[in-house]
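Okay, structure first, notes after.
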Amino acid sequence: MSSRIEQIIEEIEEYVDSCKFQALSTTKIVVNKEELEELLRELRLKTPDEIKRYQKIISNKDAILADAQSKADGIIANAEARARELVSQHEVTQQAYAQANATINRANQQAQGILDSATQDANNIRLSSITYTDDMLANLGDLMGSTLEDAGNKYKAFIDSLQGFYNTVNQNRAELNPQAGTASYVEEDGEDDYDLDLDDEEV
């Protein structure tokens, strides 16, 4: 839709084209002054209004552009914020996975350390038990050997003492009855006589 100023300018152009040239000239024309001034007067009157209208349109255009730019900036800002949020959530997720894996690795290391320590302790206890039991058996063996040796010595001394008494008895009998001899005793029923000699007994 053309403005009134544009229409007036077109009318002026049409009017000029319709005017006749002066005699003997191809550039100068003859115009009706009043008609041309009327057109120019209306053009002057319409110009401020048209300028204001254009300014308003331009202002509205600027406002529309500004509003559109504001909306576009808001959309971009929201998109960037959402993108940052998604990146942050992704980073948080990655950090959570990393922390979970690190926790699991630490737990596995601690568990393995506990198992290794328990195994080492069990082996140490086993070796200590074997060593202690062997020492106890060795001490018991020494004690039993010593006891057997002491008992053997005491038993031998007892046998020796008993043999001495026995020899003294036989000697006394021999003195009472010289015919019976000093080393044997004859039974009245005629059986073989025997000697009692315990000196050679082993303990």
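Atom CD1 of residue Ile8 and atom CD of residue Glu13 lie 12.5 Å apart, to the nearest 0.5 angstrom. Atoms CD and CD1, on Glu42 and Ile12 in that order, are 9.0 Å from each other to the nearest 0.5 Å. Residue Ile75 holds its CD1 atom at 8.5 Å from NZ of Lys71, rounded to the nearest 0.5 Å. Rounding to the nearest 0.5 Å gives a distance of 12.0 Å between CZ of Phe165 and CG of Asn172. Once rounded to the nearest 0.5 Å, the distance linking CD of Glu11 with CG of Leu43 reads 10.5 Å. Put simply, CG on Leu40 and CD on Glu35 are 11.0 Å apart, with the number rounded to the nearest 0.5 Å.
Within 6.0 Å of CZ in Phe158 there are 12 or fewer heavy atoms belonging to other residues, nucleotides or ligands.
For Thr168 (side chain) and Gly164 (main-chain N/O), a donor-acceptor pair under 3.5 Å exists by modelled atom type. Listed for the Ser18 side chain is a donor-acceptor partner under 3.5 Å among the backbone atoms of Tyr15.
When each of Asn32, Val31, Leu36 is tested with Glu34 by the rule side-chain contact (heavy atoms from CB on, under 4.5 Å), just one qualifies, namely Asn32.
Here Glu38 pairs with Arg41 under the salt bridge (charged side-chain N to carboxylate O under 4.0 Å, His left out) rule; sequence neighbours left out. For Glu85, the salt bridge (charged side-chain N to carboxylate O under 4.0 Å, His left out) partners are Arg82, not counting sequence neighbours.
Side chain to side chain, Asp116 and Gln112 meet the donor-acceptor criterion of an N or O pair below 3.5 Å. Using modelled atom types and a 3.5 Å distance limit, the side chains of Asn167 and Gln163 yield a donor-acceptor pair. Using modelled atom types, one finds a donor on one side chain and an acceptor on the other under 3.5 Å when comparing Asp73 with Gln69.
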Check against side chain to side chain contact (heavy atoms under 4.5 Å, CB included), Phe21 and Val30
CA-CA 6 Å; Phe21 290 99; Val30 179; over 6 Å; no
